[in-house]
Amino acid sequence: MQKENKIIIELNKIVKKYYVGKPNELEILHGIDLQVYKGEFISIVGESGSGKSTLMNIIGALDKPDSGSYNLEGIDICQAKEKHLSEIRGRRIGFIFQTYNLVARTTARANVELPMLYRGLPKKERQSRAEELLELVGMKDRIWHKPEELSGGQKQRVAIARAMANNPGILLADEPTGALDSQSGRKIMDIFHRLNKEHGKTIILITHSPELASETGRIVTLCDGRIINVRRSGAAC
């Protein structure tokens, strides 16, 4: 259930193509309309090839559509310059990927510090916040461990802490439990629920799993680059 009746993401008639102007031109997204409210926990589901990753890249300002409009908290993403988009990605959106993307041979704390380092925060402030975030995700006793010393579930928890480093309002999670066993996946979903309920984060979960989607407040189903269904799941989010 949305906590505030405020739209923070609005996509209108989003079209995305590849190989534009060439004989093999391919349209992946065919006029996507989607609104996301502040404080929502929603899921975008669909089979492989449905367009989930392409839509995620557009929502995350990693790519731009070929036509349509995208408004993110009052910002026209389609007209924004790359420098502005980079700032949006760094401060407004936290990304969590299936593959973790942690820096090897670097401690958990240092991995979480990285976004704050790029932002220019002082060393002591970075270290203190990194430790707080690692405690939040249950990794306080692993701050000096490097990725190769951690299990998949532990790596993902570090990745979530890193995504929270600059205190973004939106978390975009792409198949975050896809490489994990059920027990580790359960811990990750519990963290997302806590971040949503206790910290007010807007969470967009990209998944192929109906079971995970059923835990979110609203389920958006993609098929062949079109939204074919939007429904409330009944989950207490």
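Residue numbers start at 1 and run along the sequence shown.
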Practice task
Mind checking the CG-CG spacing from L85 to L72? Nearest 0.5 Å is all I need.
Solution key: 9.5 Å
Fill in the blank from the handout: In terms of heavy-atom contacts, P147 and L102 come closest through CG-CB, 3.9 Å
Exercise for the section: State, yes or no, whether a side-chain contact exists between K38 and N5 at a heavy-atom distance under 4.5 Å. Expected result: no
Problem - Donor-acceptor under 3.5 Å (N111 side chain, V103 main chain) - result: yes
Handout entry: Which residues share a side chain to side chain donor-acceptor pair (under 3.5 Å) with E87, sequence neighbours left out
Key = none
Problem - Any donor-acceptor N/O pair, Y70 side chain to I59 backbone, under 3.5 Å - result: yes
Exercise for the section: Find the distance between CG (N12) and SG (C78) and round it off to the nearest 0.5 Å. Expected result: 10.0 Å
Exercise for the section: Please report the C-alpha distance between L222 and I227 in whole Å, then the side-chain angles of each, then the deciding distance to 0.1 Å, and finally whether the side-chain contact (heavy atoms from CB on, under 4.5 Å) criterion is met. Expected result: CA-CA 5 Å; L222 271 184; I227 292 177; 3.7 Å; yes
Completion exercise
In short, S48 meets K52 closest at the heavy-atom pair N-NZ, 4.2 Å
Practice task
Taking R89 for its side chain and A61 for its backbone only, find out whether a donor-acceptor pair lies under 3.5 Å.
Solution key: yes
Practice task
Work out which heavy atom in G21 is nearest to a heavy atom in E25; give both atom names and the distance.
Solution key: N-OE1, 2.7 Å
Problem - Inter-residue atom distance S67.OG - L29.CG, 0.5 Å rounding - result: 10.0 Å
Fill in the blank from the handout: Test side chain to side chain donor-acceptor pair (under 3.5 Å), reference N167, set R91, R92, K201, output is K201
Practice task
Give a yes or no on whether a salt bridge exists between K64 and E82, defined as a side-chain N under 4.0 angstrom from a carboxylate O.
Solution key: no
Practice task
State whether the side chain of D174 and the backbone N or O of L205 hold a donor-acceptor pair below 3.5 Å, judged by distance alone.
Solution key: no
Exercise for the section: Examine the side chains of S184 and D181 and answer whether a donor and an acceptor come within less than 3.5 Å of each other. Expected result: yes
Practice task
Please examine the side chains of L195 and M164, heavy atoms only from C-beta on, and report whether any two atoms are closer than 4.5 Å.
Solution key: yes
Handout entry: ILVMFWY cluster, I204 and I219 together (side-chain gap under 4.5 Å)
Key = no
Practice task
Using a cut-off of 6.0 Å, state whether more than 12 heavy atoms not belonging to D190 lie near its atom CG.
Solution key: yes
Exercise for the section: Please examine the side chains of V112 and L134, heavy atoms only from C-beta on, and report whether any two atoms are closer than 4.5 Å. Expected result: yes
Practice task
Show your working on side-chain contact (heavy atoms from CB on, under 4.5 Å) between V20 and D66 and close with a plain yes or no.
Solution key: CA-CA 9 Å; V20 177; D66 291 289; 4.0 Å; yes
Practice task
Verify side chain to side chain donor-acceptor pair (under 3.5 Å) between H208 and E47, making sure each step is shown before the conclusion.
Solution key: CA-CA 6 Å; H208 68 277; E47 299 296 329; over 6 Å; no
Problem - Flag, side chain of D33 to backbone of K13, donor-acceptor distance under 3.5 Å - result: yes
Handout entry: I44/M56 under side-chain contact (heavy atoms from CB on, under 4.5 Å): CA gap, chis, key distance, verdict
Key = CA-CA 9 Å; I44 298 175; M56 183 207 75; over 6 Å; no
Practice task
Flag yes if more than 12 heavy atoms outside Y118 fall under 6.0 Å of its OH atom; otherwise flag no.
Solution key: no
Handout entry: Main-chain N/O of L180 paired to T177 side chain as donor or acceptor, under 3.5 Å
Key = no
Handout entry: Beyond-backbone contact of P176 with Q98, side-chain heavy atoms, under 4.5 angstrom
Key = no
Exercise for the section: Provide the closest heavy-atom pair for M189 versus F41 in the form atom of the first, atom of the second, distance. Expected result: CE-CZ, 4.1 Å
Problem - Whether R162 side chain and N101 backbone form a donor-acceptor pair below 3.5 Å - result: yes
Practice task
Measure from NZ or CZ of K17 to the centre of the six-membered ring of Y19, then state whether that distance is under 6.0 Å and the direction lies within 45° of the axis.
Solution key: no
Handout entry: Residues, nucleotides or ligands: over 12 heavy atoms within 6.0 Å of E148 CD
Key = yes
Handout entry: N/O donor-acceptor pair under 3.5 Å between E125 side chain and P122 backbone
Key = no
Exercise for the section: With side-chain contact (heavy atoms from CB on, under 4.5 Å) as the test, would you mind laying out the steps for Y18 and K16 before giving the verdict? Expected result: CA-CA 7 Å; Y18 293 102; K16 182 62 184 177; 4.0 Å; yes
Practice task
Quick one: pull up OG1 in T106 and NE2 in H145 and give me the separation to the nearest 0.5 Å.
Solution key: 15.0 Å
Exercise for the section: Compare every heavy atom of G60 with every heavy atom of F95, then report the nearest pair and how far apart it is. Expected result: CZ-O, 3.2 Å
Fill in the blank from the handout: side-chain contact (heavy atoms from CB on, under 4.5 Å) test vs R129 passes for just one of M116, E113, K124, namely M116
Practice task
Test salt bridge (Lys or Arg N to Asp or Glu O under 4.0 Å) on E149 and K155 and set out the steps.
Solution key: CA-CA 9 Å; E149 300 171 317; K155 290 177 187 176; over 6 Å; no
Exercise for the section: Measure from the side-chain N and O atoms of R218 to the backbone N and O of R231, and report whether any donor-acceptor pair falls under 3.5 Å. Expected result: no
Completion exercise
Smallest heavy-atom separation, S43 atom then A213 atom, equals OG-CB, 3.4 Å
Problem - Hydrophobic cluster membership, I228 vs V230, 4.5 Å side-chain cutoff - result: no
Exercise for the section: Treat each ILVMFWY residue as a node, draw an edge where side-chain heavy atoms are under 4.5 Å apart, and state whether L133 and L150 are in one component. Expected result: yes
Practice task
Answer yes or no: are there more than 12 heavy-atom neighbours, outside H199 itself, under 6.0 Å from its atom NE2?
Solution key: yes
Handout entry: Any side-chain heavy-atom pair of I7 and V36 under 4.5 Å
Key = no
Completion exercise
One should read off an interatomic distance between Y100 OH and Q154 CD, to the nearest 0.5 angstrom, of 10.5 Å
Problem - Joint hydrophobic cluster, L172 plus I32, side-chain heavy atoms closer than 4.5 Å - result: yes
Problem - OG1-OH distance between T202 and Y37, expressed to the nearest 0.5 angstrom - result: 12.5 Å
Handout entry: Pair K140 + E131: basic N to acidic O under 4.0 Å
Key = no
Problem - Hphob cluster co-occupancy, V158 + I96, side-chain heavy atoms under 4.5 angstrom - result: yes
Practice task
Please answer whether the main-chain N or O of N71 pairs with a side-chain N or O of D76 as donor and acceptor at a distance below 3.5 Å.
Solution key: no
